[in-house]
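To start, the structure itself, in structure tokens.
Both backbone and side-chain heavy atoms feed into the values below; hydrogens, waters and symmetry mates do not.
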Amino acid sequence: MMYHRSVFNLAYVKEVQATMLVMPYDGMELSLIVLLPVDGVDLRKVENNLTFEKLMSWTKPDFMRSTRAEVLLPKFKLQEDYDMKSVFQHLGMVDVFQGGKADLSGMSLERNLCMSECVHESVVEVNEEGTEAAASTMVNISCDSSRGDPRFCADHPFLFFIRHNETNTLLFCGRFSSP
């Protein structure tokens, strides 16, 4: 488990019977958001009641409470490659993949260029040292043996999100179902 003790934003979301944790990354540009159902509450109940608008309202400063807490998250690594060509074509970007039709003159003086493939790779990792998403790294983790702070222990299924704080854009989302 990754262990960290610091001041975090926490909230209990009565609507879905879950606790929400927001952990900022270095520089405060990104945050890891964890939505952990109360023990015994099925993760599907949380998922079925979740919308982007609700998630954003639950993470507003007036909903959350800033408190010193112990946080334990399981170690995991999720890595996925996505073939974006079919996604772009479905969205109507067809010509860019066809020789003779693609206009990439703004990128190169070379003629008859077209995109042959487009692959997106994403990586989210939580380990003893913290959490990493793509090239963003969270603050260093230190072990403090004092007790008394609230404890956020993700020892059962939860949802997680990585958010760009300034724009409230979700960059990653995932479901951890077997801690």
Side-chain angles (χ1 to χ4, degrees), residues 1-80 120-179:
M1 297 281 273
M2 179 208 75
Y3 173 85
H4 189 70
R5 173 177 292 195
S6 190
V7 175
F8 300 105
N9 285 331
L10 290 166
Y12 177 71
V13 184
K14 189 175 183 178
E15 181 179 347
V16 292
Q17 296 178 290
T19 302
M20 179 167 290
L21 165 77
V22 177
M23 294 179 74
Y25 281 75
D26 272 340
M28 306 294 284
E29 186 176 343
L30 303 174
S31 290
L32 173 68
I33 301 169
V34 179
L35 191 55
L36 178 67
V38 172
D39 246 341
V41 173
D42 192 330
L43 188 59
R44 287 176 290 200
K45 176 186 176 189
V46 177
E47 291 172 323
N48 291 337
N49 289 295
L50 183 64
T51 65
F52 176 77
E53 291 76 17
K54 287 180 182 180
L55 183 67
M56 290 303 103
S57 70
W58 297 336
T59 58
K60 286 185 178 177
D62 57 333
F63 188 82
M64 303 205 82
R65 179 172 57 103
S66 183
T67 187
R68 184 168 184 77
E70 289 182 302
V71 172
L72 290 99
L73 291 172
K75 296 185 284 185
F76 66 91
K77 181 176 183 176
L78 301 174
Q79 182 170 351
E80 192 67 48
H120 172 76
E121 180 180 3
S122 60
V123 178
V124 175
E125 182 173 10
V126 174
N127 58 34
E128 299 89 351
E129 298 167 10
T131 177
E132 184 177 316
S136 300
T137 306
M138 194 173 82
V139 295
N140 290 330
I141 304 303
S142 61
C143 230
D144 183 350
S145 61
S146 63
R147 296 281 178 209
D149 295 331
R151 187 171 230 214
F152 183 94
C153 183
D155 60 357
H156 55 278
F158 60 88
L159 300 175
F160 67 92
F161 310 87
I162 297 178
R163 177 188 66 192
H164 182 257
N165 294 323
E166 186 178 334
T167 62
N168 269 339
T169 303
L170 295 179
L171 306 175
F172 296 95
C173 63
R175 170 190 229 259
F176 192 84
S177 34
S178 58

To the nearest 0.5 Å, what is the distance between [atom1] ([X]) and [atom2] ([Y])?
X: Thr59; Y: Asp62; atom1: OG1; atom2: CG; result: 10.0 Å
X: Glu47; Y: Arg175; atom1: CD; atom2: CZ; result: 4.0 Å
X: Leu170; Y: Leu55; atom1: CG; atom2: CG; result: 6.0 Å
X: Phe160; Y: Cys173; atom1: CZ; atom2: SG; result: 8.0 Å
X: Glu70; Y: Arg151; atom1: CD; atom2: CZ; result: 5.0 Å
X: Leu50; Y: Leu35; atom1: CG; atom2: CG; result: 6.5 Å

Considering all heavy atoms, the nearest [X]-[Y] contact:
X: Pro157; Y: Pro37; answer: O-CD, 3.3 Å
X: Phe63; Y: Tyr12; answer: CZ-O, 3.8 Å
X: Phe8; Y: Pro24; answer: CD2-CD, 4.5 Å

If we ignore hydrogens and angles and just use 3.5 Å, is the side chain of His156 paired with the main-chain N or O of Leu36 as donor and acceptor?
no
Arg5/Arg68 under side-chain contact (heavy atoms from CB on, under 4.5 Å): CA gap, chis, key distance, verdict
CA-CA 7 Å; Arg5 173 177 292 195; Arg68 184 168 184 77; 3.5 Å; yes
Show me the donor-acceptor pairs, under 3.5 Å and distance only, between side chains in residues 15-23 and residues at least two apart or in other chains.
{"unit_1": "Glu15", "atom_1": "OE2", "unit_2": "Lys54", "atom_2": "NZ", "d": "2.7"}
{"unit_1": "Gln17", "atom_1": "OE1", "unit_2": "Lys45", "atom_2": "NZ", "d": "2.6"}

Heavy-atom check, side chain of [X] versus side chain of [Y], under 4.5 Å:
X: Val34; Y: Phe161; result: no
X: Val46; Y: Phe158; result: no
X: Asp155; Y: Leu72; result: no

Considering residues at least two apart in sequence or located in another chain, which fulfil the side-chain contact (heavy atoms from CB on, under 4.5 Å) criterion with Thr67?
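With neighbours one apart ignored, the set is Leu10, Arg65, Pro150.
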Test of understanding: with side-chain contact (heavy atoms from CB on, under 4.5 Å), list the residues that count as partners of Leu171, not counting sequence neighbours.
Leu30, His164, Thr169
Residue list, side chain to side chain donor-acceptor pair (under 3.5 Å) with Thr51, at least two apart or on another chain:
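Residues passing side chain to side chain donor-acceptor pair (under 3.5 Å) with Thr51: none at all.
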Under the salt bridge (charged side-chain N to carboxylate O under 4.0 Å, His left out) definition, can you give me all pairs with a residue in residues 31-43, not counting sequence neighbours?
Asp42-Arg44
